[in-house]
There are 2 protein chains.
Amino acid sequence: MAETARRPDHRYGNRPTMKDVAARAGVGLKTVSRVVNGEPGVTPDTERRVREAIQALGFRRNDSARVLRKGRTASVGLVLEDLADPFYGPLSRAVEEVARAHGALLINGSSAEDPDREQELALALCARRVDGLIVIPAGDDHRYLEPEMRAGVATVFVDRPAGRIEADTVLSDSFGGARAGVAHLVAHGHRRIGFVGDRPRIHTAAERLRGYRAAMEDAGLPVDDAWVSLGSTEPARVRDAVAAMLAGPEPVTALFAGNNRVTVTAVRELAGRTRPVALVGFDDIELADLLGITVIAQDAAALGRTAAQRLFRRLDGLHEEPRRVELATRLVPRGSGEIPPA
Amino acid sequence: MAETARRPDHRYGNRPTMKDVAARAGVGLKTVSRVVNGEPGVTPDTERRVREAIQALGFRRNDSARVLRKGRTASVGLVLEDLADPFYGPLSRAVEEVARAHGALLINGSSAEDPDREQELALALCARRVDGLIVIPAGDDHRYLEPEMRAGVATVFVDRPAGRIEADTVLSDSFGGARAGVAHLVAHGHRRIGFVGDRPRIHTAAERLRGYRAAMEDAGLPVDDAWVSLGSTEPARVRDAVAAMLAGPEPVTALFAGNNRVTVTAVRELAGRTRPVALVGFDDIELADLLGITVIAQDAAALGRTAAQRLFRRLDGLHEEPRRVELATRLVPRGSGEIPPA
DNA sequence: TAGGCCCTGGACAACGTTGTCAGGGGCGTG
DNA sequence: CACGCCCCTGACAACGTTGTCCAGGGCCTA
C-alpha cells in the first residue's frame, strides 16, 4: 500500500509542537511562534486563541530546536574538580548566579582531578554548544581547546592557570597567601616549620610550596627536606606525613597545611597529641572559628563570580588580550597559628 | 543582483559542519555521519580520509542538532536548594556519577528555597528537553509538572516529597531521626529540651518537629511552647531563639537543632556560655567529630544516588506505580549529646 | 556467463524552531 | 471613490544532524 502513513521515527513521548498548536488554534505556525516569543504583531484575539491551544495541549517550546536555529544555547559549562568539595560548591553557585542574571543555565561536571576526564567533559560541553566554558584545570595541557576557542567558545580558567594556551584566568594568590601564612608562623617564633601539600603538578600546590620556601628564605631559615611532604590528600598519607615530621630529635614546631583537606586531617592528627603544634591552613573551613584554626582564606565565591563576569563580557563581544587576575587572600588568625614553639 | 549569495543568518562563529567535512573529504554527508558515529559500512580508506578532514577543520559534532533528530538529550536536570550548602554538594555529585555511568550530563540549578524559582528552573530544564528531572522541592504544589511528566519526562523528588502530585520520592527518615535524637537526650536525663528548626512549611522541618514531639510524648514529658522555635535559619534569629530558651528561671538543659545550619549557629552560641548545654543536631557536619557534636547523620550521597538510579530505571522503561523510599538515619554520639542536665 | 547478494556510498526527508518575505485586508486621505 | 500604507498573517527555507531508501559495483555461485 502506498499510503502507509509516514510515521515519525521517534517523538519525545509525543509532545505537541507549534504545528499542533497552530492546527488547534486555526492559525499559522509562525503566529504561534510569535505568541510564544512575545513578538509584536498579533491581534489580542488571535493571541488568546493561541494561548488557549497551548494550555489545552500542554505545549512547551523545544529549546533544543530553538538553539539550532538561533546559534546560542544560553548555557555555560563549568568543569571543576569535585562538586562535593566544600570549596567548589560556593564557587559553582556564584557562577550560577551570574549565569542566571544573564539568562543562562549552568551545566557542571566533575573531573575528579583526572586530566582525561577533564578533557572528555569539556569537549562534551562544547559538543552541546555551550556558549562559554569555565574550567578548573586538572590537566596541564589545554591545547585541545584551541579549535573550540577559535570557533567562538568563550573560555575562562579558574583557580589554576591553563596549560600551553593563552586564555583568561582568575586565580587566588597562592604564592602570596602561603608566604604570608608561613611568615606569620615565623613571626611567632617558629624556626622549624613543616609543609604538607597536594601533588606538585597541581599549580596551586606548587605555588603554595614556593610561597613556603620564599617565606623561609625571607627569614633566613633553612628548609630540611624532611619538613616538606607533597602527595595525595588521602587522610592516611597526610597523617603519616604529619607524624613523620613530629617524630625524631628535631621535630617541626609548626605546620603549614596546603589546602582544606590537608588541614582537616592535620587537625585530627594533632588533636591526639599532647605537645602543642602551631598550624596555619590554606582555605577556610566551616567551624574553623570554633576550633581556633588560623587560616589563609580565599574567597571561592569571588573566584567564581569574577570568572563568570569575565566570561559574559566576552560573550557580549569584548575583544582584548587574555587577562590574568589574581585575587588576594586573607590571613585569619584564630589561635592555632599563634601558638609559640614548644 | 539575483545572485547575492544567500548568507546563513548566524553560524556559531563559523564552525565547520558535516557538510564541510564531506566536501573536503570528497564523500557524501551521510558517510561523515557514519564515521563520526562509528557506524559500520565504511571502507578503512574512506574512513581515513574523513578523519583527516575532521582533524584539519577542527570539526566537532553539534549535539544540539543531534538531539533534535534523536529525541533524547542524554542530560538530566537537578533542581536543588543551594549548591553552596555542604549538604547538597555531595548529593549533586552522587547524581552526577550515576548520570555519567549512563552517559548523561547533569544540569544543576539552585532554587534558593523560592517556589517560583523552583518552577521557573524546572520548566526551563523541561524546555531543554532533559530526559529526566530530579527535584528537591522548595514549593508544595508540583502540579505544574504534570504535563511534562505525561509527556515523558521522568521525575524523581528527593529530600522532600512532591506536593499534590504522585511521583517517585526518596527521603531521609526525618521523623524517625529526630525522634531518636531527642530520645537520646531524654535517655541522658534531660526533661526540658528545646527544638530549633527551619520554617515548618518545609516538609523535613515539619517532620523533625513531629519527631521531637513524639519523643517527648513517648517519655511522658510536656512541651512548653517556649521551647520550640521555628523560622529562618538566619544566624541572628537562631541565636536569639537559643538565648531565649536558655534564659528565664526554667531554661532548657538540652537542644535539638533541626538542620546543619541551625546546628552550626547553635554551637557558636553555646560556645560562649559557661553552663553546659547538651546538643544533638540533624545532619552531619565536617569537623563535628573534633568538636564533639552528636548528630543524626543522613547520607546525602545515598539520597542522590538512590534518586538517580530510580530515574534511570524509569528512563530504561520501568513502568510501575510511583514509589516512596525512606533512607534510615544514624545517630552518631560524639559528646555533646551525652552531657547530663546541669 | 548470468543472476543474485553484499558492501559501500549518497540523495532526501525529517526533527521543531525562527528569519524572511510577500500577500491580503482595513483604514485614512486626497 | 480610489489609492496607498500599514498591520496581521502565513508559506517557505534554513539551522545540522540522522533514518530511510536506493543505486552501483564487485564478487560468488550455479
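Chain A is the first sequence line, chain B the second, and so forth, proteins listed ahead of strands; every chain is numbered from 1.
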Counting C-beta onward and ignoring hydrogens, is there a side-chain heavy-atom pair between His102(A) and Val76(A) closer than 4.5 Å?
no

Here the residues of residues 45-55 of chain A within 4.0 Å heavy-atom distance, strictly under, of DNA chain D are Thr46(A)

Starting at the 5' end of DNA chain C, what dot-bracket string do you get if Watson-Crick and G-U pairs under 3.5 Å are bracketed, crossing pairs use [ ], other-strand pairs use | and unpaired bases use dots?
||||||||||||||||||||||||||||||

Given atom CG of Asp63(A) and atom P of dT18(C), what is their separation to the nearest angstrom?
8 Å

Can you tell me whether the side chain of Arg69(A) and the base of dT18(C) have a donor-acceptor pair closer than 3.5 Å?
yes

With a 3.5 Å cut-off and just heavy-atom distances, do the side chain of Arg66(A) and the base of dG16(C) make a donor-acceptor pair?
no

When rounded to whole Å, the NZ to C1' distance for the pair Lys30(B) and dA23(D) reads 16 Å

Any side-chain N or O of Ser33(A) under 4.0 Å from OP1/OP2 of dT18(C)?
yes

dT9(D) phosphate, OP1 or OP2: any side-chain N/O from Thr43(A) under 4.0 angstrom?
yes

Is there side-chain contact between Val153(A) and Leu145(A), with at least one heavy-atom pair below 4.5 Å?
no

Spell out, as yes or no, whether a donor-acceptor pair under 3.5 Å connects the side chain of Glu113(B) to the backbone of Glu81(B).
no

Go through the N and O atoms of the side chain of Arg34(B) and the base of dG19(D), and report whether any donor-acceptor pair is under 3.5 Å.
no

Lys70(B) vs dG19(D): side-chain N/O to OP1/OP2 distance below 4.0 Å:
yes

Scan Val36(A) against the nucleic acid and name what it touches under 4.0 Å (heavy atoms): base, sugar-phosphate only, or nothing.
nothing

Test side-chain hydrogen bond (donor to acceptor under 3.5 Å, both in side chains) applied to Arg51(A) - qualifying residues, sequence neighbours left out:
Glu47(A)

Of all the choices, dG9(C), dG16(C), dT9(D), which nucleotide is nearest to the side chain of Leu68(B) once you look at every atom?
dG16(C)

Taking only the side-chain nitrogens and oxygens of Thr31(B), find out if one of them lies under 4.0 Å from OP1 or OP2 of dG10(C).
yes

Is there, by distance only and without an angle test, a donor paired with an acceptor across the side chain of Arg129(A) and the base of dG16(D) below 3.5 Å?
no

Taking atom CG of Asp140(A) as the centre, does the number of heavy atoms from other residues, nucleotides or ligands within less than 6.0 Å exceed 12?
no

Looking at Asp131(A) and Thr73(A), would you say the former's side chain and the latter's main chain have a donor-acceptor pair under 3.5 Å?
yes

With Arg323(A), which residues qualify under side-chain hydrogen bond (donor to acceptor under 3.5 Å, both in side chains), at least two apart?
Glu320(A)

Results of ring-ring contact (aromatic ring centres under 6.0 Å, His included) for Phe157(A) - residues two or more places apart only
His142(A)

Describe the nucleic acid contact of Asn37(B) in one word from base, sugar-phosphate, nothing, applying a heavy-atom distance below 4.0 Å.
sugar-phosphate

Taking only residues two or more places apart in sequence, or in another chain, which ones meet Ala302(B) in a side chain to side chain contact (heavy atoms under 4.5 Å, CB included)?
Asp299(B), Arg305(B), Leu327(B)

